[in-house]
K.L.:
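Just dropping this structure here.
Counting starts at 1 for both ligands and their atoms, in listed order. We're numbering straight along the sequence, starting at 1.
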Amino acid sequence: MPASPTIHRTVDDLRAAVSAWRREGLRVGMVPTMGALHSGHMELVRAARERADRIIVTIFVNPTQFAPTEDFGAYPRTEASDVAKLAELGVEAVFAPNANEMYPAGYATTVSLAGPAIGLETDFRPHFFSGVATVVSKLLIAGFPDVAMFGEKDYQQLMVVRQMVRDLRLPTEIIGLPTIREADGLALSSRNAYLSPEERQTATTISRAMRQAAELVRAGGSVEAALAEGRAALTEAGFRVDYLVLRNAETLAELANPAIEPRRMLAAAWLGKTRLIDNIAV
Ligand SMILES: Nc1ncnc2c1ncn2[C@@H]1O[C@H](COP(=O)(O)OP(=O)(O)OP(=O)(O)O)[C@@H](O)[C@H]1O
Ligand SMILES: CC(C)(CO)[C@@H](O)C(=O)[O-]
Ligand code: BAL
């Protein structure tokens with residue numbers, strides 16, 4: 001039975017552990033999460049293990065990336081079972097601060113963004129990426145990992161984090177990992193736990209509609225017609241669509257020449273009270 005990870009609650013405590021590893025010349029990997037861990041997170045941990053001698057998994061439901069109307073209160077918090085799963089993978093450290101450690105009274109600094117943060121998620125969650133970028137920069141500065149792992153499931157987030165790390169010259173390599181899916185195509189997500197059994201069945205429409213739209217585009221059909229068909233399939237299944245778009249895979253800008261640019265299809269849609277996101281290469 002592997003040892004349980006050490007749980008650090010403060011930045012100072014985490015820094016002391018990382019300093020000791022550094023003195024031994026060890027490479028450090030970080031996997032930032034909001035907890036409620038699933039197999040997608042486990043793949044990020046396995047990928048970190050290939051690149052680092054010591055792994056820090058952060059578990060923090062970050063209040064600054066939720067609007068007051070969003071699900072901060074309802075977000076699943078399952079620390080004990082998360083830590084047990086991480087023990088199975090031999091993770092050395094969990095950083096699980098409370099909100100006061102990250103944002104003490106008088107806290108006044110946020111990261112502001114442009115570039116890949118413009119549009120898409122920002123059109124519907126205007127506060128979201130400044131909250132993500134602020135907390136990710138604080139986590140990276142707390143642990144100064146050599147590598148940090150992020151999932152392509154949150155594709156725009158991955159682009160925003162890459163841009164921020166490049167712009168701030170943070171000494172961490174950002175690795176993006178492919179989306180882990182259920183057998184029926186639904187991307188694993190902690191928020192899938194909100195779905196009723198009926199909604200869970202309907203939820204497969206999001207990856208299916210995207211795959212079908214992608215096929216039409218690859219076959220040389222009209223991009224707008226393919227996307228309109230995808231949106232219609234989602235609406236018909238009972239989704240309320242925030243967006244289903246095709247963008248440049250590297251910049252997330254609108255496509256000037258879809259035939260030659262790298263392409264990514266991205267979607268966000270509500271099923272009842274649950275907002276699902278997904279994306280695929282096209
Ligand atoms: N299915 C997945 N495949 C690969 N990586 C994933 C998957 N789901 C989440 N991740 C990645 O895990 C990291 C932590 O994500 P987070 O804790 O928010 O989980 P989540 O399942 O995305 O939750 P949420 O339901 O809030 O979107 C992020 O880098 C995210 O992209
Ligand atoms: C990167 C992250 C841990 C920041 O809170 C979060 O946005 C997530 O889990 O994707
Ligand atoms: N997985 C991204 C975190 C969020 O949607 O709040």
Side-chain angles (χ1 to χ4, degrees), residues 29-48 55-67 69-79 82 85-86 94-97 99 102-103 110-111 113 117 120-122 124-140 142-143 145 147-162 164-165 172 174-195 203 206-207 242 266-271 273-280:
M30 182 178 277
V31 181
T33 83
M34 301 207 301
L37 301 182
H38 51 63
S39 313
H41 299 115
M42 296 301 125
E43 283 309 309
L44 300 186
V45 172
R46 284 193 194 96
I55 299 174
I56 306 160
V57 175
T58 75
I59 299 178
F60 181 59
V61 185
N62 173 37
T64 64
Q65 68 191 70
F66 291 82
T69 51
E70 291 181 346
D71 58 339
F72 175 73
Y75 200 86
R77 288 162 172 84
T78 57
E79 186 179 295
D82 290 347
K85 288 177 188 167
L86 298 173
V94 167
F95 180 51
M102 297 303 271
Y103 304 111
T110 56
V111 175
L113 306 150
L120 301 177
E121 287 299 286
T122 303
F124 297 91
R125 306 182 72 190
H127 55 281
F128 176 59
F129 283 126
S130 66
V132 168
T134 300
V135 82
V136 170
S137 61
K138 285 173 67 70
L139 294 170
L140 294 178
V147 284
M149 324 305 289
F150 291 84
E152 287 184 352
K153 201 265 289 169
D154 298 273
Y155 192 82
Q156 189 178 10
Q157 170 173 280
L158 173 61
M159 297 296 118
V160 167
V161 168
R162 281 194 199 286
M164 177 186 77
V165 164
T172 300
I174 302 301
I175 308 279
L177 274 303
T179 303
I180 305 299
R181 296 177 182 278
E182 303 280 8
D184 64 9
L186 178 66
L188 295 189
S189 166
S190 307
R191 287 190 173 98
N192 292 351
Y194 299 156
L195 299 170
I206 197 160
S207 62
D242 277 353
L266 303 105
W270 290 86
L271 195 51
K273 292 191 163 61
T274 309
R275 187 172 184 272
L276 300 176
I277 61 172
D278 202 348
N279 65 87
I280 54 171

K.L.:
Looking just at side-chain N and O atoms, do Y103 and N62 make a donor-acceptor pair shorter than 3.5 Å?
P.N.:
yes
K.L.:
Is the closest N or O pair between M34 and ligand 1 shorter than 3.5 Å?
P.N.:
yes
K.L.:
Between E70 and R125, does any side-chain N to carboxylate O distance fall below 4.0 Å?
P.N.:
yes
K.L.:
Give a yes/no on ligand 1: does S39 have at least one heavy atom closer than 4.0 angstrom to it?
P.N.:
no
K.L.:
Would you mind telling me if ligand 2 is within reach of the side chain of T58, the backbone, both or neither, using heavy atoms under 4.0 Å?
P.N.:
neither
K.L.:
Under 4.0 Å from ligand 3, counting heavy atoms only, is it the side chain of R125, its backbone, both or neither?
P.N.:
side chain
K.L.:
Can you pull the salt bridge (Lys or Arg N to Asp or Glu O under 4.0 Å) pairs that have at least one residue in residues 147-160, sequence neighbours excluded?
P.N.:
E152-R264
K.L.:
Which pairs count as salt bridge (Lys or Arg N to Asp or Glu O under 4.0 Å) when at least one residue sits in residues 174-195, sequence neighbours excluded?
P.N.:
D71-R191, R181-D278, D184-R200
K.L.:
Out of Q157, E152, H38, whose heavy atom sits nearest atom 7 (C) of ligand 1?
P.N.:
H38
K.L.:
For A36, which part has a heavy atom under 4.0 Å from ligand 1: side chain, backbone, both, or neither?
P.N.:
neither
K.L.:
Measure the distance from atom 4 (C) of ligand 3 to every protein heavy atom, then report the residue, atom name and distance (to 0.1 Å) of the closest one.
P.N.:
R191 NH1, 3.3 Å
K.L.:
Report, in ascending order of atom number, the atoms of ligand 3 lying under 4.0 Å from any heavy atom of M34.
P.N.:
3 (C), 4 (C), 6 (O)
K.L.:
Just need the protein heavy atom nearest to atom 6 (O) of ligand 3, so name the residue and atom and give the distance.
P.N.:
Q65 NE2, 3.1 Å
K.L.:
Nearest heavy atom to atom 5 (O) of ligand 2 wins, so pick from M34, H41, Q65.
P.N.:
Q65
K.L.:
What is the closest protein heavy atom to atom 7 (O) of ligand 2, and at what distance does it sit?
P.N.:
Q157 OE1, 2.7 Å
K.L.:
Give, for atom CZ of F66 and atom NE2 of H127, the distance between the pair rounded to the nearest 0.5 Å.
P.N.:
8.0 Å
K.L.:
Heavy atoms only: which of I277, D154, V132 is nearest to atom 1 (N) of ligand 3?
P.N.:
D154
K.L.:
Does an N or O from S189, backbone or side chain, lie closer than 3.5 Å to an N or O of ligand 1?
P.N.:
yes
K.L.:
Work out whether the distance between some heavy atom of H41 and some atom of ligand 1 is less than 4.0 Å.
P.N.:
yes
